[in-house]
**Q** 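Pasting a structure below so you can have a look.
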Amino acid sequence: MIRFPEGFLFGSASSATQTEGASLKDGKKQNIWDLWYELEPYKFRDQIGPDETSGFYDNYKEDIKLLKQTGHNSYRTSISWSRLFPDGFGEINQKAVEFYTDVFERIKAEGIELFVNLYHFDMPASLQEIGGWDNKQVVEYYVSYAKKAFELFGHLVDRWFTFNEPIVHVECGYLLQYHYPMEVNPKKAVQVAFNTQLASAKAIKVFKEMEINAKIGIILNLTPAYPRSNHPEDVKAAEYAELFAKKSFLDPSVLGKYPKELVEVIKSENLMPDYTDEELKIIEENTVEFLGVNYYQPLRVRQMPYRLLDDAIFMPTNYYLPYEMPGRRLNPYRGWEIYPDAVYDIGIDIRDNYNNIEWLISENGMGVEDEERFRVDGQIQDDYRIEFFKDHLKFLHKAIEEGSNCIGYQVWTFIDCWSWLNAYKNRYGLVELNLETKKRTIKKSGEWFKKLSENNGFEL
Ligand code: BGP
């Protein structure tokens, strides 16, 4: 039997845009997902947009009851910025205040620890029009939004997050064209990354000044980079990959400083952002109190074998090549390698290099296509998901045994939800969503998760 420390947090994570639906209802205005879907619906899988989610906005009362039935003692969701402030700033939407207050009160009434995230890839469309994270005025609007959220809901929320996976809106929005505004603009990408870090630190500063009785952190997708071999060139490639993918947000968020190697690369590429010493000081003095770690897949890399053109456009992958390890265990539906050992490596890295800060797994999960084929007597028998959780929990437990300060494990996700790029292709939920009827049915993994949480562990 594997047992976790007393009071260990079990739960799941979700986000506003992926669950609420009602994207233009009761005063909410467009965020970049609603806008992008209006402009280019063909870029969305099966042309399903963010209005067609599981419908938490209308179903939350029933959904919250399911949290208990699936063993949640903690739950993370996010506030939709453009629901609370339809224009991103200025007038507040009273309907949104009522909605989030009721949601949060009901979650608390169930005795569930409430984690609330302020930003999950969902810039209000009106603020994207003025440049989004590239514009420092937007940083100020974000801080005002955060302050209002702390004022309104500070008495209900146990743990706050400033951002979910900030590297994603940097890379996907400004280098790789997976997210709106789909630019390829390294200079902006660096500015967006810096401004996001600044926004996080400024929100933490306000939070601390308000002396709220809760904690504040950030969620990072910490993907360890494993070199193909011990050859020094492969090892160097992995160090570069970690600089971009991991340390770019982890170091300033936890240690208050950017790694000097990263600054050197950015300087040598002529991409230094616009910043002041005062801003660096704000970042240095306002680090996170705990950390959420999303982990799905490792990053395997090898030496970059080609010489680049002198004027090659900057991409992190100018410094390493992603590497597909032969024989890797794969989730074929998502194309992501399954490598649970990394959870241990993350735990030890945080213990040894990041002050052993308090942390939790804030997302981990397996998206599977056509789960319908696993239905027996009306219930999805998702044994593969249970195995996936167990495998990761074993390595998490090992890290905890060796002193890593991990306080919880939250899976992605609660009820099958809408995915940014894959709509409903891959299902992640502990609870099945019938797309036509919207009926919710607990999967086998949901029942298993309840036992896991009740026993604070599981039989090997
Ligand atoms: C994480 C995001 C989530 C979620 C998850 C699964 O990176 O924080 O919002 O979507 O990935 O990914 P996907 O939906 O692309 O399969």
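Every heavy atom of this structure was used, including side-chain atoms; hydrogens, water molecules and symmetry mates were not. For the single chain, residues carry numbers from 1 onward in sequence order. Both counts, for ligands and for their atoms, begin at 1 and track the order of listing.
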**Q** Could you say whether the N/O atoms of S15 and ligand 1 ever approach to under 3.5 Å?
**A** no
**Q** Which of these, S362, S419, C417, has its nearest heavy atom closest to atom 13 (P) of ligand 1?
**A** S419
**Q** Please could you name the atoms of ligand 1 that N164 approaches to less than 4.0 Å, counting only its heavy atoms?
**A** 8 (O)
**Q** Please determine if N422 has a nitrogen or oxygen closer than 3.5 Å to a nitrogen or oxygen of ligand 1.
**A** no
**Q** Hey, is ligand 1 close enough to W336 that some N/O pair sits below 3.5 Å?
**A** no
**Q** Give a yes or no on whether a salt bridge exists between R83 and D26, defined as a side-chain N under 4.0 angstrom from a carboxylate O.
**A** no
**Q** Within 45° of the ring axis of F290 and under 6.0 Å from its six-membered ring centre, is that where the NZ or CZ of R159 lies?
**A** yes
**Q** Could you tell me whether R300 sits above the aromatic face of Y339, with NZ or CZ closer than 6.0 angstrom to the six-membered ring centre and within 45 degrees of the axis?
**A** yes
**Q** Between W160 and F150, does a ring pair (Phe, Tyr, Trp, His ring centres under 6.0 Å) hold up when you go through it step by step?
**A** CA-CA 9 Å; W160 290 89; F150 301 149; 5.0 Å; yes
**Q** Check this for me: does any side-chain nitrogen of one of E183 and K188 sit under 4.0 Å from a carboxylate oxygen of the other?
**A** yes
**Q** To which protein heavy atom is atom 7 (O) of ligand 1 closest, and what is the distance rounded to 0.1 Å?
**A** E165 OE1, 2.7 Å
**Q** Look only at interatomic distance and state if Q18 has a nitrogen or oxygen under 3.5 Å from any nitrogen or oxygen of ligand 1.
**A** yes
**Q** Between the side chains of D345 and K398, is the shortest nitrogen-to-carboxylate-oxygen separation below 4.0 Å, so that they form an ion pair?
**A** no
**Q** At a 4.0 Å threshold, what atoms of ligand 1 neighbour a non-hydrogen atom of R334?
**A** 13 (P), 15 (O), 16 (O)
**Q** Going by the closest heavy atom to atom 11 (O) of ligand 1, which one wins out of W412, Y428, Y296?
**A** Y296
**Q** As an exercise, identify every atom of ligand 1 less than 4.0 angstrom from a heavy atom of H120.
**A** 2 (C), 3 (C), 8 (O), 9 (O)
**Q** Donor-acceptor pairs are to be reported for all side-chain atoms of residues 113-127 against protein atoms at under 3.5 Å, with residues two or more places apart or in another chain.
**A**
from	atom 1	to	atom 2	distance (Å)
N117	OD1	Y119	N	3.2
N117	ND2	Y119	O	3.3
Y119	OH	M123	N	3.2
Y119	OH	W133	NE1	3.2
H120	NE2	N164	ND2	3.1
D122	OD1	H120	N	3.1
S126	OG	D87	O	2.8

**Q** Indicate, with yes or no, if the rings of H179 and W36 have centres closer together than 6.0 Å.
**A** no
**Q** Which residue holds the protein heavy atom closest to atom 2 (C) of ligand 1, what is that atom called, and what is the gap in Å?
**A** E363 OE1, 3.5 Å
